[in-house]
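Structure first, commentary second.
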Amino acid sequence: MNFNRAVIKVGSALVSPDMKGCSGKYLLAIARFITECQQAGKEIILVSSGSVAAGRQLIQHGSPTPSIPTKQAMASVGQMQMMANWQRFFDVPCSQLLITHGDLKDRERYINIKNTLRILLSNNVIPIVNENDTVATDELKVGDNDNLAALVALVSDADCLFILSDIDGLYDQDPRTNSNAVLIPEIDKITDDIYKMAGTTNNPIATGGMKTKIQAAEKAVENGIETYILNGRNSDVFEALLKGKNPGTVFKANQAATKARKHWLKHTLKSSGKVILDTGAVNAVTNKGASLLPSGITHINGEFAAGESVDIIDEKTSKIIAKGICQYSQRDLIRIKGCKSSQITEILGYCPSKVVIHRDDMVIV
Ligand code: GLU
């Protein structure tokens, strides 16, 4: 398996296949796959649908298409059931992140999500993400978990996205109505023709369909994230993946885009300030692949907010050695420069991150 950090999206049809609350029927094989990935040193984030489906029987509703507040109540009660259902398949702890598109659009909240995921993964926790259905209005919603999973893959710097549902992959025509339909194993470029191959979903409990899966794949591959559409009902799929085979449809990551983020950081993103380092920190950043800690910072120039890009300067030569996205504003940085990470809370009253610029957010110039 050629990835380090993957997002696995699990659809409602797998969490609640009979629409009668949560079921372990398909989750067991998925959980086993996740555990094997972790044992192989990979990091996994789950994006799980199914809160509405899991809560459906617990909230009275007269109609097959319940009102939005009724669905929100279903999501509220179902989310608990769904999380408890996942947790029973893992020995490691699971954590819950409920987010909306509004959270991902807001720079500060985006960084908070990124930092939280990073810390959870480094503590061997399985983050389980869903849309915060009970608070999200249409304008603030991603709307479907396929696209949400792609956004989570972006915010978490994942290099692979697995979308698990009840279909083997992308077919050239709808396999439910056409027995000649052929599964397409590999897609290099997402074109209009690819979108045309995607029918609409027939599953009454699922929100997305093939179209939202392709949209998600498009977002991901453009950012260098390889994306698979796979049948999560078939445990052979996981055996195949573990052997490095492709048992469904893979959308190849845009190779140029794989380095695009670093390129964007290096060439496109305008720096709003300068962070100046002592020799030890310069060595750690340039030769040891380290993140930038507050202790090695001697001066700060310019005005910048948390989440903005800064130039990283060697104090001795006055040259730019790197660029990166700073976790702290210049005001906060002035107060913590030269200090140990463990002192940040004491000085600022809070500690959103132990590092000032994380390695993933940095490019050596
Ligand atoms: N957030 C919804 C739920 O948990 C699912 C959305 C989707 O399946 O795309 O029920």
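All ligand and atom numbering here is 1-based and tracks the order in the structure.
- Taking all heavy atoms of Ala136, Ala216, Gly55, Ser49 into account, the minimum distance to atom 5 (C) of ligand 1 is reached by Ser49.
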Report, one line per pair, each donor and acceptor closer than 3.5 Å where one atom sits in a side chain of residues 288-302; sequence neighbours left out.
{"from": "Ser291", "atom 1": "OG", "to": "Arg359", "atom 2": "N", "distance (Å)": "3.0"}
{"from": "Thr298", "atom 1": "OG1", "to": "Ile276", "atom 2": "O", "distance (Å)": "3.2"}
{"from": "Thr298", "atom 1": "OG1", "to": "Glu315", "atom 2": "OE2", "distance (Å)": "3.3"}

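- For Asn130, a nitrogen or oxygen atom sits less than 3.5 Å from a nitrogen or oxygen atom of ligand 1, counting backbone and side chain alike.
- A salt bridge does not link Asp314 to Lys316: none of the charged nitrogens lies less than 4.0 Å from a carboxylate oxygen.
- The closest approach between any non-hydrogen atom of Gly11 and ligand 1 is not below 4.0 Å.
- Its side chain within the 4.5 Å cluster rule, Met74 clusters with Val52, Leu58, Ile59, Val77 among the Ile, Leu, Val, Met, Phe, Trp and Tyr residues.
- Taking the charged nitrogens against the carboxylate oxygens, Lys252 and Asp188 have no contact shorter than 4.0 Å, which rules out a salt bridge.
- Checking Asn115 against Ser353 by side-chain atom types alone, no donor-acceptor pair falls below 3.5 Å.
- Evaluated by nearest non-hydrogen atom to atom 10 (O) of ligand 1, the leading choice among Asn132, Val52, Val47 is Val52.
- For ligand 1, the polar-atom distance check finds an N/O of Gly50 within less than 3.5 Å of one of the ligand's N/O atoms.
- Of the N or O atoms in Glu131, none lie within a sub-3.5 Å distance of an N or O in ligand 1.
- Contact atoms of ligand 1 toward Asp144: 9 (O) (distance under 4.0 Å to a heavy atom of the residue).
- Here is the list of ligand 1 atoms found below 4.0 Å of a heavy atom in Asp133: 1 (N), 2 (C), 3 (C), 4 (O).
- Leu46 and Val92 fall within a single hydrophobic cluster, where Ile, Leu, Val, Met, Phe, Trp and Tyr side chains are chained together by heavy-atom contacts under 4.5 Å.
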